[in-house]
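Start at 1 with the first residue, then count along the sequence.
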Amino acid sequence: MTTNYLITGVQALKGGVLAGISVYLIIIILLYILKIRRGISRKCIFEMAFCIYGITLLKITGLFSLNYSLSGHFSYSLVPFINSSIIPVLLNFILFVPYGFLLPLVFRSCRWSCKNIVFVCGLTSLIIELLQIFGGRYAEIDDFLINTLGAFSGFIIYSCINELKKNRKKATISFASLCFALIICFTGIYYIGDNAEQLPDGLDAIESNIAEVNVYFNGEKQSINVDSYIYRSFAIQISNCGGHLLETENISENMIWNNDCFIEIIYSSPQQIYFENADNFSIDNADRILYNANQNILYWGNSDYQICMDYTEMGEELQPHKEEILKQYEQLPALIISYFEQQ
């Protein structure tokens, strides 16, 4: 689970770097044309970092891809931390630390204080949660509280660095106090949350039995590493099968191959694959899995491919989000095509 979060974050950062630099260059060019900005200073580095961070944050929170609606079923939780796992909480905290650190660096003319930072960053987190509610996502008060705490901690770190020049002792005490308070806070969250050990499921549970991983595009074949973004993205996508219809049918292998993008996993022996979020579904006695990333069809079998399942077929609970989910599925063929273009 932690790996999935990290992979999602790294992919969002990769997209955010290029987009953030592009947005910043457009803004800075306009400022020079309008004669609002003159010269280049160290501040430009922080401004560019802020643009990269902002777009990465929007990608991670999914605000670019949500389908917003004022009607429908809204999912949210107002009870903090009771069923929370410590890893997502920590990652949400880390996600907002740069926000509180970069704001005073970029907007130096504002008189930043702890109160101002908490208000601005808390409002930002609240807006994100509200947008996720109207976008069909599940919103939690946990995220609002931890995001605000992360941004506040980022501001304290910024203040401590500034204070080092004037009063090293005071800065050290402030930083140590922050660390002590955070340790107490996260220890409390850990004990009241749900931190039962989560055993690997899906493809993660049988990763050690992989013999080879291949990708195909336009009939060409390339081998890739298990640690590649392509495989990790595929493993996450397949494991999130809850709410899909999961109806299987028998096929013959000559019905499968074309010039689409495929990813194939060959195992050293036949495997049983179970999915935590799909109690009544498993892949049995399969020594290979093949996925058509363009058509979102999963194939598996022993020695060849005998069974398939259409991942575009979804139950009633996923129907309102089907367009968003299929848009996310488009990332996998894009990764495969990009890989072939780089070879």
Side chain to side chain contact (heavy atoms under 4.5 Å, CB included) assessment of L326 paired with E330
CA-CA 7 Å; L326 293 180; E330 293 174 3; 5.8 Å; no

Flag if over 12 foreign heavy atoms under 6.0 Å of CZ, R168: no

Report yes or no: does S85 contribute a side-chain atom to a donor-acceptor pair with the main-chain N or O of P88 at less than 3.5 Å? no

For E163, is there any backbone N or O sitting under 3.5 Å from a side-chain donor or acceptor partner on N167?
no

Rounded to the nearest 0.5 angstrom, the CD1-CZ distance for I86 and F93 is 11.0 Å

**Message:** Tell me whether F175 at atom CZ has more than 12 heavy atoms from other residues, nucleotides or ligands lying less than 6.0 Å away.
**Reply:** no

Open item on the list: Take a 6.0 Å sphere around OH of Y32 and say whether it holds more than 12 heavy atoms from other residues, nucleotides or ligands.
Closed with: yes

* Asked: Ignoring hydrogens and geometry, is there a side-chain-to-backbone donor-acceptor pair from W112 to F107 under 3.5 Å?
  -> yes

**Message:** Assess, by modelled atom type and distance only, whether the side chains of E264 and Y216 contain a donor and an acceptor separated by less than 3.5 Å.
**Reply:** yes

To the nearest 0.5 Å, atom SG of C44 lies from atom CZ of R37 at 5.5 Å

Check: Does a side chain donor of either E129 or S125 reach within less than 3.5 Å of an acceptor in the other side chain?
Finding: no

query: Between S268 and N209, is there a donor-acceptor pair closer than 3.5 Å when you use the side chain of the first and the backbone of the second?
result: yes

Heavy atoms of M309 and L246 approach each other most closely as SD-CA, 3.2 Å

Do F340 and I263 belong to the same hydrophobic cluster, where Ile, Leu, Val, Met, Phe, Trp and Tyr are linked whenever their side-chain heavy atoms lie under 4.5 Å apart, directly or via other members?
yes

- prompt: Do side-chain atoms of N302 reach the backbone of D287 as a donor and acceptor pair under 3.5 angstrom?
  reply: no

| field | side chain to side chain contact (heavy atoms under 4.5 Å, CB included) evaluation trace for F275 with I283 | value | CA-CA 9 Å; F275 300 90; I283 295 176; 4.2 Å; yes

Counting neighbours of CD on Q343 that are heavy atoms of other residues, nucleotides or ligands and sit closer than 6.0 Å, is the number greater than 12? yes

Between F262 and the options Y299, Y305, F234, W257, the ring pair (Phe, Tyr, Trp, His ring centres under 6.0 Å) test singles out W257

Are I297 and I289 linked, directly or through other ILVMFWY residues, by side chains that come within less than 4.5 angstrom of each other? no

Rounded to the nearest 0.5 angstrom, the CD1-CZ distance for I55 and F50 is 11.0 Å

* For I325 and Y329, run side chain to side chain contact (heavy atoms under 4.5 Å, CB included): C-alpha distance rounded to whole Å, both residues' side-chain angles, the deciding distance at 0.1 Å, then the answer. => CA-CA 6 Å; I325 293 170; Y329 287 177; 3.5 Å; yes

**Prompt:** Step by step, would you call D284 with W300 a side chain to side chain contact (heavy atoms under 4.5 Å, CB included)?
**Reply:** CA-CA 9 Å; D284 304 319; W300 67 89; over 6 Å; no

- [ ] Compare all side-chain heavy atoms of R232 with those of D204 and state whether any distance is below 4.5 angstrom.
- [x] yes

| query | Is there a donor-acceptor contact under 3.5 Å linking the side chains of Q237 and S239? | reply | no

So CD1 of I28 and CD1 of I21: to nearest 0.5 Å the spacing works out to 13.5 Å

* Heavy-atom distance under 4.5 Å between the side chains of N240 and Y311, does that happen here? -> no

Quiz item: If two hydrophobic side chains count as joined below 4.5 Å and joins carry through other members, does Y191 share a cluster with L145?
Solution: yes

S22 (side chain) donor-acceptor with L18 (main chain) under 3.5 angstrom
yes

One should read off an interatomic distance between F144 CZ and I127 CD1, to the nearest 0.5 angstrom, of 11.0 Å

query = Would you find a donor on one side and an acceptor on the other, under 3.5 Å apart, between the side chain of K166 and the backbone of A171?
reply = no

- request: Determine, for E212 against R288, whether the closest basic-nitrogen to carboxylate-oxygen distance falls under 4.0 angstrom.
  value: no

Original post:
For the hydrophobic clusters of this structure (ILVMFWY residues joined by side-chain heavy atoms under 4.5 Å, transitively), does one cluster hold both I307 and L290?
Top reply: no

| Note, Y231 side chain near I265 side chain (heavy atom, < 4.5 Å) | yes

Exercise. More than 12 heavy atoms of other residues, nucleotides or ligands under 6.0 Å from NZ of K43: is that the case?
Worked result: yes

Check whether N258 reaches the backbone of D260 with its side chain - one donor and one acceptor, N or O, closer than 3.5 Å.
yes

When rounded to the nearest 0.5 Å, the distance separating SG of C121 from CG of L126 is 12.5 Å

Is it true that N162 and Y158 share a donor-acceptor pair across their side chains at a distance under 3.5 Å? yes

- Item | Co-membership, hydrophobic cluster, residues L182 and I184, 4.5 Å side-chain | no

